[in-house]
Chemist: 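One structure is given below, represented as structure tokens, and several questions about it will come after.
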Number of protein chains: 2
Amino acid sequence: METLSSNISNRDVASLLHRHGVQPTAQRTEIALAIFCNAGHQSADEVYEAVNADATRVSRATIYNTLKLFVDRGMIRPVIVAPGKVFYDPNMAPHYHLYDTDTGELTDIGADQVKIHGLPKLPPDKQLDGVDVVVRMRSHPNSPHGAH
Amino acid sequence: METLSSNISNRDVASLLHRHGVQPTAQRTEIALAIFCNAGHQSADEVYEAVNADATRVSRATIYNTLKLFVDRGMIRPVIVAPGKVFYDPNMAPHYHLYDTDTGELTDIGADQVKIHGLPKLPPDKQLDGVDVVVRMRSHPNSPHGAH
DNA sequence: GTGCTTGCAAATGCTTTGCACAAAA
DNA sequence: TTTTGTGCAAAGCATTTGCAAGCAC
């Protein structure tokens with residue numbers, strides 16, 4: 001529904017924040033803009049760079065706090081691809097990820113393409129929190145990138 | 001020390017190391033024993049504790065270096081469940097994981113139970129490095145554990 | 001004024017690295 | 001001897017937190 005990755009105005013962001021019960025401060029609006037306009041997945045540091053590319057100055061603490069807030073409020077979701085490598089994904093629709101180990105690039109795999117069957121039943125006191133699928137790929141061992 | 005779920009002797013470990021081209025030092029043997037005897041998934045720190053529970057003293061540096069070596073040699077594989085939360089899985093057979101967000105517990109899902117269809121074709125210069133599936137579950141919001 | 005928000009800087013947690021010493025080939 | 005492995009302590013990186021100052025209602 002609110003998977004808008006293209007042209008988003010400040011008003012859209014304001015309403016997005018409002019819908020998720022987040023007070024729209026200047027910093028949060030900047031951060032939301034950076035996340036929802038710059039399509040794709042960004043790390044906390046990339047968000048920091050994006051937000052501070054223009055005049056605005058937002059501290060790393062606020063970046064992290066805000067990303068955490070957005071995650072808690074279900075506006076974005078974290079994608080963990082390697083230890084210490086977390087991307088934030090504005091696409092809340094069910095989908096999966098393709099990760100290039102060599103370049104660190106992360107791309108989406110639509111949920112409609114992939115079908116997963118046979119996931120186990122959860123204990124009654126537990127609820128499903130999400131299914132993370134990361135397909136990892138890398139260059140062949142003999143190709144330029146694959147050398148080690 | 002080791003609660004052996006599967007009975008693995010030092011000789012088995014020695015041959016395992018040898019088969020993977022790893023020189024069997026005392027420390028590596030200890031670490032391998034800890035990983036392959038203590039069933040289940042352990043973090044680097046848990047391996048450190050397990051190895052040093054008895055007399056043996058192996059430094060953290062060696063634990064990390066050795067785990068990395070084992071991963072590179074295809075003896076174990078890392079499972080990343082959260083930023084800064086990496087488990088090492090001695091089960092190299094294709095399978096998936098169920099992660100309990102509340103307790104931090106990680107359990108296996110056999111690959112035979114789960115079927116995944118429709119994964120995208122990779123670019124010709126890339127090879128599949130692995131498919132990581134982590135099913136995340138947590139307590140219901142109103143249950144004891146779910147409170148936040 | 002009261003309560004939420006921000007941001008600096010310090011602290012944390014996990015992991016890697018530099019370097020000297022020890023062991024093995 | 002030459003190579004390889006070990007371990008301490010220091011460095012590194014990503015993230016969190018304590019706390020004081022700022023802003024909003």
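We name chains A, B, ... by the order of the sequence lines, and we start the count at 1 in each one.
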Chemist: Would you indicate whether the side-chain heavy atoms of A:Thr62 and A:Tyr48 approach each other to under 4.5 Å?
Modeler: no
Chemist: Could I get a table of every N or O pair under 3.5 Å where one atom is in the protein and the other is in nucleotides 12-16 of chain D?
Modeler:
from	atom 1	to	atom 2	distance (Å)
D:dT15	OP2	A:Tyr64	OH	2.5

Chemist: Could you tell me how far apart A:Gln27 (CD) and D:dG22 (P) are, to the nearest whole angstrom?
Modeler: 14 Å
Chemist: Taking the side chain as every heavy atom from C-beta outward, state whether A:Phe70 and A:Ile31 have any atom pair closer than 4.5 Å.
Modeler: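 Touching, per the 4.5 Å side-chain cut-off.
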Chemist: Measure from CD1 on A:Ile63 to P on C:dC8 and round the result to the nearest Å.
Modeler: 12 Å
Chemist: Answer whether the closest heavy-atom distance between the side chains of A:Asp102 and B:Lys126 falls below 4.5 Å.
Modeler: yes
Chemist: Would you compute the distance between atom CD1 of B:Ile63 and atom CG of B:Asp45 and round it to the nearest 0.5 angstrom?
Modeler: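 Separation between the atoms: 9.5 Å.
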Chemist: Is any side-chain N or O of A:Arg28 closer than 4.0 Å to OP1 or OP2 of C:dT6?
Modeler: yes
Chemist: Rounding to a whole Å, what distance do you find between B:Tyr48:OH and D:dG7:C1'?
Modeler: 10 Å
Chemist: Answer whether the closest heavy-atom distance between the side chains of A:Leu98 and B:Leu122 falls below 4.5 Å.
Modeler: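 Yes, their side chains come closer than 4.5 Å.
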Chemist: B:Leu69 has an atom CG; how far is it from atom C1' of D:dT6, in whole Å?
Modeler: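 It works out to 13 Å between those atoms.
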Chemist: Any base atoms under 4.0 Å from B:Thr62, or only sugar-phosphate, or nothing? Heavy atoms, all strands.
Modeler: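 The answer is base, as B:Thr62 lies within the cut-off (heavy atoms under 4.0 Å) of a base atom.
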Chemist: Would you say the side chain of A:Val81 lies within less than 4.5 Å of the side chain of A:Phe87, judging by non-hydrogen atoms?
Modeler: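 Side chain of A:Phe87 against side chain of A:Val81, heavy atoms only: contact under 4.5 Å found.
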Chemist: My understanding is that only one of A:Gln23, A:Arg28, A:His20 makes a side-chain contact (heavy atoms from CB on, under 4.5 Å) with A:Leu69; could you say which?
Modeler: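 Only match with A:Leu69 under side-chain contact (heavy atoms from CB on, under 4.5 Å): A:Arg28.
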Chemist: How close or far is atom C1' of C:dG7 from atom CD of A:Glu30, stated in whole angstroms?
Modeler: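 For the pair A:Glu30 CD and C:dG7 C1', the rounded distance is 16 Å.
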Chemist: Name the pairs: protein N/O against N/O of nucleotides 23-25 of chain C, kept only if under 3.5 Å.
Modeler:
none

Chemist: Less than 4.5 Å apart, side chain to side chain, heavy atoms only: is that true for A:Asp132 and A:Ile80?
Modeler: no
Chemist: Which heavy atom of B:Met75 sits nearest to which heavy atom of B:Met92, and what is that distance?
Modeler: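 In this case the closest contact between B:Met75 and B:Met92 is O-CG, 3.5 Å.
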Chemist: Between A:Leu67 (CG) and D:dT17 (P), how many Å, whole number?
Modeler: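 Checked: the CG to P distance equals 15 Å.
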